[in-house]
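Notes follow the structure.
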Amino acid sequence: MNVISISKKKFAELIPLTLAKEIMNAESTIYDFPYRKERKVFKKIHNLSGPVLTTKLDTIEMLDTYREYLPESFCVPDNLVAIDQTISGFTVPFVEGENLASVLADPNVSIKKQINYLKQIGEILDQLKQMRKSTPVNGLYLNDLHESNFIVDSKSETIRVVDLDSCKIGSNLPMSSRYLVPTALVADAQGKYKRNTNPGASGYIVADENSDLYCYNIMILNYLYGSSVNNMGLIDFYDYLTYLSEIGMEPDLINSFRMLLHSCDNRNPVPELDSITKEQFLLAKKKVYRQAR
């Protein structure tokens, strides 16, 4: 992979990108980065030593190697960046658009559009499933799948996938994931999701198809609830699913949510998302649910 070398003086001139309030980004700082008349984004990693950095660099190299097989929606890292000869991060193409977390929280965006964006993520997961079957890239999973790691391209109105340096590919070490943590519901599904046993890795769960679908279903539930479902206790979680059934949501959609903590494989709920009505969306909100209970 190409390495762009800059001085500390040049780095000091870079302008950090302003991130939406919904975006949490503790492991890096994002900069606007013009390069050869192209606008790119430079992700400067804070921790420049140890297994986390090594894993990220290995991941970036593998993504570059298999670039031709990856979905068009992927914003694949395209250059490493060295500041005074020290590899400090990487660049990705700049996407003109808005972070999905902001779009899903915006009351001025129609429910139909928001659900369409959520459907596109499910379709990307289906693409990855097919890719794992038919290409040499047979071990790629998004891993850190959450609202802030997608951008709505303003030109095409399509979803783009960012922060791929935390994905699972090949034999790289498990990286941390917002929804796959020991304090979340995923910890209550004993034996279903593979726990990481490597002390040098930052991830709690070793990503696979089930963990990606877990995160995707949690995204949808968070959208409906208007808050975090992932941190609910088991009793509250199942009570909320019962409530969704009571307000008339599609049984297959609710079954997808129930399966997250059962021993069976998870399923992709894309086919049922269009069944969500505006009335159901409003009734599903945390405040209304709490009043009903």
Side-chain angles (χ1 to χ4, degrees), residues 15 17-25 28 30-43 59-60 63-64 66-79 90-132 134-135 137 140-167 169 178 212-213 215-217 219-220 222-224 268-276 278 281:
I15 300 173
L17 284 177
T18 301
L19 302 179
K21 60 182 176 59
E22 293 86 1
I23 302 173
M24 294 182 289
N25 185 38
S28 62
I30 311 297
Y31 295 88
D32 208 334
F33 194 84
Y35 179 66
R36 292 182 177 176
K37 298 183 180 181
E38 289 186 45
R39 188 179 182 186
K40 295 187 179 296
V41 172
F42 169 35
K43 183 174 181 178
T59 299
I60 290 166
L63 289 170
D64 186 54
Y66 294 114
R67 182 184 295 269
E68 64 182 290
Y69 302 106
L70 303 180
E72 291 183 8
S73 58
F74 276 26
C75 292
V76 182
D78 48 13
N79 300 279
F90 57 89
T91 67
V92 295
F94 178 84
V95 177
E96 190 70 54
E98 191 171 3
N99 192 275
L100 180 62
S102 300
V103 173
L104 293 179
D106 188 346
N108 296 314
V109 179
S110 71
I111 296 170
K112 183 177 180 180
K113 271 194 173 185
Q114 291 171 335
I115 288 176
N116 177 56
Y117 298 140
L118 289 172
K119 285 176 60 180
Q120 288 185 42
I121 295 172
E123 290 161 359
I124 290 169
L125 293 182
D126 280 341
Q127 289 176 22
L128 292 180
K129 183 175 183 177
Q130 186 59 41
M131 182 197 71
R132 291 192 293 267
S134 58
T135 76
V137 196
L140 174 60
Y141 304 95
L142 292 183
N143 178 46
D144 192 20
L145 194 162
H146 59 80
E147 300 85 343
S148 296
N149 277 351
F150 299 93
I151 292 175
V152 178
D153 189 315
S154 60
K155 294 180 180 178
S156 62
E157 294 252 315
T158 57
I159 289 291
R160 303 294 300 276
V161 188
V162 297
D163 280 354
L164 288 167
D165 53 300
S166 294
C167 76
I169 183 169
R178 180 178 297 183
D212 270 6
L213 286 171
C215 293
Y216 178 48
N217 278 271
M219 273 184 61
I220 297 166
N222 287 349
Y223 168 68
L224 294 172
N268 193 328
V270 163
E272 290 77 50
L273 293 185
D274 280 332
S275 71
I276 300 172
K278 182 176 182 179
F281 172 76

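What you see below is based on every heavy atom in this structure, not just the backbone, and it leaves out hydrogens, waters and symmetry mates. Along the sequence shown, residues are numbered consecutively beginning with 1.
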TODO: Let me see the working for Arg67 and Asp64 under salt bridge (Lys or Arg N to Asp or Glu O under 4.0 Å), right down to the final yes or no.
DONE: CA-CA 5 Å; Arg67 182 184 295 269; Asp64 186 54; 2.9 Å; yes
Open item on the list: By the definition side chain to side chain contact (heavy atoms under 4.5 Å, CB included), identify the one residue from Thr59, Asp144, Leu142, Asn143 that meets it with Leu164.
Closed with: Leu142
Open item on the list: Please identify which of these residues, Ile151, Ile121, Asn149, meets the side chain to side chain contact (heavy atoms under 4.5 Å, CB included) condition with Leu100.
Closed with: Ile121
Got [X] and [Y] here, is their nearest side-chain heavy-atom distance under 4.5 Å?
X: Leu125; Y: Leu145; result: yes
X: Lys40; Y: Asn79; result: yes
X: Leu224; Y: Ile276; result: yes
X: Ile30; Y: Phe42; result: no
X: Gln120; Y: Ser73; result: no
X: Thr135; Y: Glu68; result: no
X: Leu140; Y: Tyr66; result: no
X: Val103; Y: Glu147; result: no

Taking all atoms of both residues into account, what is the closest heavy-atom pair of [X] and [Y], and its distance?
X: Leu17; Y: Asp32; result: CG-N, 3.8 Å
X: Val92; Y: Cys75; result: CG1-O, 3.9 Å
X: Ile124; Y: Phe74; result: CG2-CE1, 4.2 Å
X: Val95; Y: Asp153; result: CG1-OD2, 3.9 Å
X: Phe94; Y: Arg39; result: CB-O, 3.1 Å
X: Lys119; Y: Tyr216; result: CA-OH, 3.9 Å

As an exercise, state the distance from [atom1] of [X] to [atom2] of [Y], rounded to the nearest 0.5 Å.
X: Ile111; Y: Leu118; atom1: CD1; atom2: CG; result: 11.5 Å
X: Asn99; Y: Leu104; atom1: CG; atom2: CG; result: 9.0 Å
X: Ser28; Y: Asp163; atom1: OG; atom2: CG; result: 6.5 Å
X: Leu63; Y: Leu70; atom1: CG; atom2: CG; result: 6.0 Å
X: Glu72; Y: Ser156; atom1: CD; atom2: OG; result: 10.0 Å
X: Phe150; Y: Ile159; atom1: CZ; atom2: CD1; result: 7.0 Å

Open item on the list: Test your reading of the model: is there a side-chain donor-acceptor pair from Asp212 to the backbone of Tyr141, 3.5 Å cut-off?
Closed with: no
Task: Donor + acceptor pair across side chains of Asp78, Thr91 (<3.5 Å) - done: yes
Open item on the list: Taking OH in Tyr35 as the centre, count heavy atoms belonging to other residues, nucleotides or ligands within less than 6.0 Å. Is the count above 12?
Closed with: yes
Task: Verdict with reasoning, Phe281 to Tyr223, per ring pair (Phe, Tyr, Trp, His ring centres under 6.0 Å) - done: CA-CA 9 Å; Phe281 172 76; Tyr223 168 68; 4.9 Å; yes
